[in-house]
Amino acid sequence: MAIEEFIIKSSVGRVREYDAGDVVFSEGNLPNYYYQIIEGEVKLTNYDDDGKEAIQNIVTAGHSVGEFLLFIDKKYPANAIAISHCKILRISKLKFFKLLEDYPELKMDLIRNLSDSMFLKFVMRQILSIKDPATKLKVLMDHLKGTQDETTAFSFQIPLTRQQMASLTGMRVETTIRALKMMEKENIVKIRNRKIFY
DNA sequence: TCATTAAAGTTAT
DNA sequence: ATAACTTTAATGA
């Protein structure tokens, strides 16, 4: 049984609803809760002086958000903002630790989630260090598509806007658009009425 | 080459 | 209707 089922069953936490754009937590705040997405998507972002957004990660249903901060005494290094309408489970830090004590098997769940996000950190860091825009996008898309690579060309629709791809890779949206058009010419992606297939 | 700015068209809420 | 996203073009580092 997964962590969220335990929490819901024992009703120690509650599910809150968020609309797209709603803030789940803000940079600089002290972490007091464990959050897990039941439905919808959340982005972890930072904003520079000009208000330009850098997306660290997009978290989907079934995953926890910012959980690693419950184990260290630090403030949130990023904002968590709902991208779509979301249902998010929230449980206080204290109750969360109590739950882990009572049900040690949940710790494996937690470790898996942590490992997942750590792996993602490596992928994202690699993408940021790549210079060529098309290569950046290709590595991002490879990651999104999963490891089943070549098997089925153009079978995967990229679940991101060009804007989001730009914010994830550290590029401008115009550069992203140009790179994608190049990639279409080179038969790396297919674009059908603005949808990107890889 | 890519970021930036501007302007205009398109889609989503 | 309004905001968000997409696209093209021009300019500059």
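Labels below follow one simple rule: chain letters A, B, ... track the order of the sequence lines, proteins then strands, and each chain is numbered from 1. These numbers come from the heavy atoms of this one structure, side chains and all, not from hydrogens, waters or symmetry mates. Just so it is clear, the model here is predicted, and its values are computed rather than measured.
- Within 6.0 Å of atom CZ in Phe119(A), 12 or fewer heavy atoms from other residues, nucleotides or ligands are found, so the atom counts as exposed in its surroundings.
- Lys98(A) NZ: 12 or fewer foreign heavy atoms inside a 6.0 Å radius.
- Between chain A and DNA chain C, the heavy-atom contact criterion of under 4.0 Å yields a 5' to 3' nucleotide range of dC5(C) to dA10(C).
- A salt bridge links Lys138(A) with Asp142(A): the distance from a Lys NZ or Arg NE/NH1/NH2 to an Asp or Glu carboxylate oxygen falls below 4.0 Å.
- Residue pairs meeting the side-chain hydrogen bond (donor to acceptor under 3.5 Å, both in side chains) criterion with at least one partner in residues 64-78 of chain A, sequence neighbours excluded, are Ser64(A)-Glu67(A).
- With axes fitted over five pairs at each extremity, the angle between the ends of the helix from dT1(B)-dA13(C) to dT13(B)-dA1(C) is 20° (10° resolution).
- Atom NZ of Lys93(A) has more than 12 neighbouring heavy atoms from other residues, nucleotides or ligands inside a 6.0 Å radius.
- Within residues 176-189 of chain A, the residues approaching DNA chain C are Ile177(A), Arg178(A), Lys181(A), by heavy-atom distance under 4.0 Å.
- Contact check, Thr175(A) against dC2(B): no side-chain N or O comes under 4.0 Å of OP1 or OP2.
- For the pair Lys145(A) and Phe156(A), the cation-pi test (distance below 6.0 Å, angle within 45°) is failed.
- For residues 180-190 of chain A, no residue pair satisfies the side-chain hydrogen bond (donor to acceptor under 3.5 Å, both in side chains) rule, not counting sequence neighbours.
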List every contact pair, protein side and nucleotides 8-13 of chain B side both N or O, where the distance is under 3.5 Å.
residue, atom, partner, partner atom, Å
dT10(B), O4', Arg194(A), NH2, 3.4

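- Taking the side chain of Arg172(A) as heavy atoms from C-beta on, and the options dA6(B), dC2(B), dA3(B), the nearest nucleotide is dA3(B).
- Under a hydrophobic-cluster definition in which Ile, Leu, Val, Met, Phe, Trp and Tyr are linked whenever side-chain heavy atoms come within less than 4.5 Å, directly or via other members, Leu110(A) and Tyr103(A) are assigned to the same cluster.
- At most 12 non-hydrogen atoms from other residues, nucleotides or ligands lie less than 6.0 angstrom from CG of Leu94(A).
- In this structure, the ring of Phe25(A) has its center no less than 6.0 angstrom from the ring center of Tyr33(A).
- Atoms NZ (Lys131(A)) and P (dC2(B)) sit 12 Å apart, rounded to a whole Å.
- In summary, the aromatic rings of Phe96(A) and Tyr35(A) are positioned with their centroids too far apart to meet the 6.0 Å limit.
- When every heavy atom of Ala179(A) is checked against every heavy atom of Ala134(A), the shortest pair comes out as CB-N, 4.2 Å.
- Considering Glu53(A), Lys43(A), Lys52(A) as possible partners of Ser167(A), the one that fulfils the side-chain contact (heavy atoms from CB on, under 4.5 Å) test is Glu53(A).
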